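What follows is a set of notes on a single structure, which appears directly below.
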Amino acid sequence: MSLTLDVLAQQEADLQLEQFNHETAWALGTLLKNLAEAKQAFVAIEVYAFGQILFSYAMAGTNPDHQDWIRRKRNSVLRFGKSSYYLGQYNARKQREFESQRHIDAREYCAHGGSFPLRIQGCGLVGAVTVSGLPQEADHQLVTEALQQIFQSRPGK
């Protein structure tokens, strides 16, 4: 069962953080690692914000290709401001492939699930959190599960 575009858009609206810093990046990356281990999944993880990689981890069983997927997914999120899974589903709905469009360089961008925009409420897009190694919807769900836990752990929630 694929997530609908409306559900994906609502996730992006709901999962905006009040603040984001290096400590939040570390907590998010570590949480993703722990969630993946609990699922016995082998993924590469990146938290990118403010123009730099703040967290990166490649679990045993991953390879350098996963880092390239992460880079391409992240580039898509930063350019278009939507999750990489949303971009893929949106283009599928339009009966076209994201990567084969004339204005897209498939060596730099891709629309496979697993990268999600990091937004600060009232500020906007500051980065992306990305996972690679599972089927694309599972990559996406791992990221949104971790963001939901970070969101709920805020004081007052």
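Please read these numbers as outputs of a predicted model, since none were measured by experiment.
Between F20 and F50, the angle of the ring planes lies from 30° to 60°, which puts this pair in the tilted group. Using cut-offs of 30° and 60° on the angle between ring planes, the pair F55 and W26 is perpendicular.
Both the sub-6.0 Å distance and the 45° axial angle are satisfied by K82 relative to the ring of Y86.
Nearest heavy-atom pair across D139 and V131 is OD2-O, 3.3 Å. The minimum heavy-atom distance between G81 and P117, with the atom names listed, is O-CG, 4.3 Å. Closest non-hydrogen pair, V77 versus L125, comes out as O-CD2, 3.9 Å. L32 and A146 make their closest contact through CD2-CB, 3.5 Å (heavy atoms, listed as atom of the first residue, atom of the second, distance). Residue Q16 comes nearest to E12 through the heavy atom pair CG-O, 3.5 Å, listed as atom of the first residue, atom of the second, then distance.
Remark: N75 pairs with no residue by the side-chain hydrogen bond (donor to acceptor under 3.5 Å, both in side chains) rule, at least two apart or across chains. The side chain to side chain contact (heavy atoms under 4.5 Å, CB included) search around Q95 returns none, not counting sequence neighbours. When the side chain to side chain contact (heavy atoms under 4.5 Å, CB included) test is applied to Q19, the partners found at least two apart in sequence or on another chain are N21, T24. For the side chain to side chain contact (heavy atoms under 4.5 Å, CB included) test, residues two or more places apart in sequence or in another chain that qualify with T130 are I70, K73, R74, S115, A128.
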Pair up each side-chain donor or acceptor in residues 58-65 with any protein partner under 3.5 Å, not counting sequence neighbours, and list the distances.
| from | atom 1 | to | atom 2 | distance (Å) |
| --- | --- | --- | --- | --- |
| T62 | OG1 | M59 | O | 2.7 |
| N63 | OD1 | D65 | N | 2.8 |

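In this structure the side chain of I104 reaches within 4.5 angstrom of the side chain of R79, judged on heavy atoms.
For residues 85-105, the salt bridge (Lys or Arg N to Asp or Glu O under 4.0 Å) pairs, not counting sequence neighbours, are D105-R107.
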